[in-house]
Amino acid sequence: MRASASGLSLVLAGLALVTLPWWSGDLYQLHLVSLIGAYWVLVAGLNLVVGFAGQLSIGHVGLLAVGAYGFAVLAGTLGLDPLLVLPLCGALGGAAGLLLGLPSLRLPGFYFAMATMAFALIVTELSLAWGGLTGGGTGLSVPGFPAPFHTPWGQYWLILAIGAAVTAMTWGIARRMWGRALIAVRDSEVAAASVGINVFRVKLTVFVFSGVTAGIGGALFAALQTYITPDTFVFEIGLFFFVCIIIGGRGSILGPLIGTAVLTALPELVAPLAKLGTFFYGLTLLVVVLLVPEGIGRLVEVLAARLKGEPHRSHEVRPDLARLRRALGAAPADAGQPAEAPALAREALP
């Protein structure tokens, strides 16, 4: 019964997303949801790196820029089919992730984060220096997708389909042996290596996968923007992706998705106070860290369990005192222990 209710909820959510262009009635809202989907394609892969493997990558905006400029050059300047360019952008992002991950993933957490930040800054400087290819500070115009994805509705459905596919892939990775290996690496690299996990290969593989999703997300993002410049890919966007995962909760798929949607829509909710956008991001992060340290995803799980009438399962393991009393009372006295010891032990128990 509970499984059928969960399945019904997923079906209703899927129908709501598929039919959004008909009942929203606002092209800007449709664009906003499409932007959330493009961001989520990147965050879904980054979530495996940060939330599951525990690697502090704050420079994925560089990989986003690689995918965006790759799409603008291949589909716009060279005139290739945009639908064919999408997987090519994923390959470009994966190759960039491989080149970044090979030397930097051997560094400890803080230094790895600095390496990813440096990569993002290097990509920005290269986009300015290679004016003949990237347009320099002027930027590039980005073409749209061909029919049936040439309209805002068609583009939304394309992003929705890609987002659903990436979500299914990350869900499958997280729920199988790869996900357990990533969590083991996150909790203790020494313990993971002691049970036969190749720590570097696991981290590199998942980082390259996040580069592929970042490349595809960058292509979708560029098509939504229709025009990109180096100023489009500021470092704050990389922090935005990282905060989406922290707010959503580590080791969760649903939580970072909710975090991405909330933080992307937040500037629209506080539009009259646009100058304080960074303040509201920081305030949201502070409130979630203080009140829900396990993230929004964990809060949603607890609320869903209460609505279903399931008991709250605490992570704390408590001793079974009643069973311990019975064991002490049934234990026979031997030569090394007086018979009254069980009684004394029972009196000492709370």
Pairs satisfying side-chain hydrogen bond (donor to acceptor under 3.5 Å, both in side chains), at least one member in [range], at least two apart:
range	value
residues 78-105	none
residues 37-49	Trp40-Thr167
residues 212-226	none

For residues [X] and [Y]: do they belong to one hydrophobic cluster (side chain heavy atoms under 4.5 Å, members Ile, Leu, Val, Met, Phe, Trp, Tyr)?
X	Y	answer
Ile183	Met177	no
Leu254	Val49	yes
Leu128	Leu121	no
Leu100	Phe110	yes
Leu78	Tyr227	no

State, yes or no, whether a side-chain contact exists between [X] and [Y] at a heavy-atom distance under 4.5 Å.
X	Y	result
Ile122	Leu126	yes
Val123	Phe233	no
Ile159	Ile36	no
Leu64	Phe241	yes
Phe242	Leu56	yes

May I have the list of side-chain donor-acceptor pairs in residues 188-197 shorter than 3.5 Å, sequence neighbours left out?
{"residue": "Ser188", "atom": "OG", "partner": "Ala191", "partner atom": "N", "Å": "3.2"}
{"residue": "Glu189", "atom": "OE2", "partner": "Lys203", "partner atom": "NZ", "Å": "3.2"}
{"residue": "Ser194", "atom": "OG", "partner": "Ala191", "partner atom": "O", "Å": "2.5"}

Reported [atom1]-to-[atom2] distance for the pair [X] and [Y], which is rounded to 0.5 angstrom:
X	Y	atom1	atom2	answer
Ile237	Ile58	CD1	CD1	14.0 Å
Gln55	Phe112	CD	CZ	5.5 Å
Phe221	Ser34	CZ	OG	13.0 Å
Leu74	Tyr69	CG	OH	14.0 Å
Leu30	Tyr156	CG	OH	7.0 Å
Ile245	Leu48	CD1	CG	9.0 Å

Show which side-chain atoms of residues 132-144 pair as donor or acceptor with protein atoms under 3.5 Å away, not counting sequence neighbours.
{"residue": "Thr134", "atom": "OG1", "partner": "Ser127", "partner atom": "O", "Å": "2.5"}
{"residue": "Thr134", "atom": "OG1", "partner": "Trp130", "partner atom": "O", "Å": "2.8"}
{"residue": "Thr134", "atom": "OG1", "partner": "Gly136", "partner atom": "N", "Å": "3.4"}

Minimum-distance pair of heavy atoms, taken over all atoms of [X] and [Y]:
X	Y	answer
Val206	Ala53	CG1-CB, 4.4 Å
Gly217	Val41	N-CG1, 3.8 Å
Ile228	Ala72	CD1-CB, 4.0 Å
Gly70	Leu92	CA-CD1, 4.1 Å
Leu204	Gly101	CD1-C, 3.9 Å
Gly62	Phe119	C-CE2, 3.8 Å

Task: Audit row: Leu160, Val33, side chain to side chain contact (heavy atoms under 4.5 Å, CB included) steps and yes/no - done: CA-CA 9 Å; Leu160 180 63; Val33 178; over 6 Å; no
Open item on the list: Please determine whether side chain to side chain contact (heavy atoms under 4.5 Å, CB included) holds for the pair Ile162 and Leu86, giving the CA-CA distance in whole Å, both sets of side-chain angles, and the decisive distance to 0.1 Å.
Closed with: CA-CA 10 Å; Ile162 295 175; Leu86 268 180; 3.9 Å; yes
Open item on the list: Atom OH of residue position Tyr111 - does it have more than 12 heavy atoms of other residues, nucleotides or ligands inside 6.0 Å?
Closed with: no
What pairs of donor and acceptor atoms, side-chain ones from residues 258-266 against any protein atom, are under 3.5 angstrom apart with sequence neighbours left out?
{"residue": "Thr260", "atom": "OG1", "partner": "Pro256", "partner atom": "O", "Å": "2.8"}
{"residue": "Thr264", "atom": "OG1", "partner": "Thr260", "partner atom": "O", "Å": "2.6"}

Task: Qualifying residues under side-chain hydrogen bond (donor to acceptor under 3.5 Å, both in side chains), relative to Ser57, sequence neighbours excluded - done: His60
Set of ring pair (Phe, Tyr, Trp, His ring centres under 6.0 Å) partners for [X], sequence neighbours left out:
X	answer
Phe149	none
Phe145	Phe71
Trp153	none

Task: Residues which pass side chain to side chain contact (heavy atoms under 4.5 Å, CB included) with Arg175, listed by chain and number, not counting sequence neighbours - done: Trp171
Open item on the list: Test of understanding: with side chain to side chain contact (heavy atoms under 4.5 Å, CB included), list the residues that count as partners of Leu99, not counting sequence neighbours.
Closed with: none
- [ ] I would like to know whether Val212 and Ile216 meet side chain to side chain contact (heavy atoms under 4.5 Å, CB included); could you show each step before the answer?
- [x] CA-CA 6 Å; Val212 172; Ile216 296 175; 4.3 Å; yes
- [ ] Decide yes or no on side chain to side chain contact (heavy atoms under 4.5 Å, CB included) for Val202 and Trp178, but give the supporting numbers first.
- [x] CA-CA 8 Å; Val202 166; Trp178 263 96; 3.8 Å; yes
